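Note that this is a predicted model, so its numbers are computed, not measured. Naming convention: chains lettered A, B, ... in sequence-line order (proteins, then strands); numbering from 1 in each chain.
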Amino acid sequence: KQEVTQIPAALSVPEGENLVLNCSFTDSAIYNLQWFRQDPGKGLTSLLLIQSSQREQTSGRLNASLDKSSGRSTLYIAASQPGDSATYLCAVRTGANNLFFGTGTRLTVIP
Amino acid sequence: NAGVTQTPKFQVLKTGQSMTLQCAQDMNHEYMSWYRQDPGMGLRLIHYSVGAGITDQGEVPNGYNVSRSTTEDFPLRLLSAAPSQTSVYFCASSPGAGGQTGELFFGEGSRLTVL
């Protein structure tokens, strides 16, 4: 069974800092990997989707990379802002009924 | 843009009661799914559907029932609620017939407490 791990579970950084969130997975046979943001008491908001044939995707201050062979993905956030504070989840899809989520990294950006 | 809409947002049930969580999407997505989110366990797939009239089980289907009579709606039924079903439930949809490659869009969640 695919295992998805996100370390650290929590991270605090001062405003303006660039930061990297990590996601690792055990089985490289994936269709895609998706990064989400979840605010307290809310649903998941899709940030970036990387197909298995892609190496990275960018949206504004966010850049996500994918290295299937090593089972790793990183989410890079540039010039962090207090509004970036949330829990970030990665999910790996291996089929229609196989989407595996990490337990998330809770990010706090301190003004 | 409504996206994925879930109702109710909050519900309290007594053990043994039944209820239905509603999910509707207006993006004409073929793939729809239900997840539950529990502290320390991440999101787990309950049931999914790759199109109207087609449903299948996910990782944790016991105690739940689904049907997909239209492309837009995918209700989740709790047959006889148990305290172990206390959780936050999320409905999600994705374009594409098989759901393998499409971006997943989530509703705001339904918080269920079973006493």
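Here the straight-line distance linking atom CD of B:Q37 with atom CZ of A:F101 works out to 8.5 Å at 0.5 Å rounding. A distance of 7.0 Å separates CD in B:E59 from CZ in A:F100, rounded to the nearest 0.5 Å.
When heavy atoms are compared at a cutoff of 4.5 Å, B:Q6 does not approach chain A at all.
Identified by a heavy-atom distance below 4.5 Å to chain B, contributing residues of residues 20-29 of chain A are lacking entirely. Within residues 55-66 of chain A, no residue has a heavy atom under 4.5 Å from a heavy atom of chain B. Residues of residues 108-115 of chain B having a heavy atom under 4.5 Å from any heavy atom of chain A, listed by number: B:E108, B:R111. For residues 102-111 of chain A, heavy-atom neighbours of chain B at less than 4.5 Å comprise A:G102, A:T103, sorted by residue number.
Residues A:L89 and B:L43 meet the side-chain proximity criterion, which asks for heavy atoms closer than 4.5 Å. Two residues are said to be in side-chain contact when any heavy atoms from C-beta on lie closer than 4.5 Å; B:L104 and A:F36 meet this criterion. Between A:L99 and B:Y35, the closest side-chain pair of non-hydrogen atoms falls below 4.5 Å.
Under the 4.5 Å side-chain heavy-atom criterion for grouping Ile, Leu, Val, Met, Phe, Trp and Tyr, B:L76 is connected to B:L13 within one hydrophobic cluster. The hydrophobic clustering, which links ILVMFWY residues whose side-chain heavy atoms are closer than 4.5 Å, places A:Y31 and B:M32 apart. Note: the hydrophobic cluster containing B:Y48 does not contain B:L78 (ILVMFWY, side chain heavy atoms under 4.5 Å, direct or indirect links). Under the 4.5 Å side-chain heavy-atom criterion for grouping Ile, Leu, Val, Met, Phe, Trp and Tyr, B:L45 is not connected to B:V66 through any hydrophobic cluster. One hydrophobic cluster holds both B:Y64 and B:F74 under the rule that ILVMFWY side chains link at heavy-atom gaps under 4.5 Å.
Salt bridge B:E103/A:R93: absent, no basic N to carboxylate O contact under 4.0 Å.
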I'd like to know whether A:Q38 forms a side-chain contact (heavy atoms from CB on, under 4.5 Å) with B:F90, so could you lay out the CA-CA distance, the side-chain angles of the two residues, the decisive distance to 0.1 Å, and finally the verdict.
CA-CA 12 Å; A:Q38 185 174 28; B:F90 289 101; 3.4 Å; yes

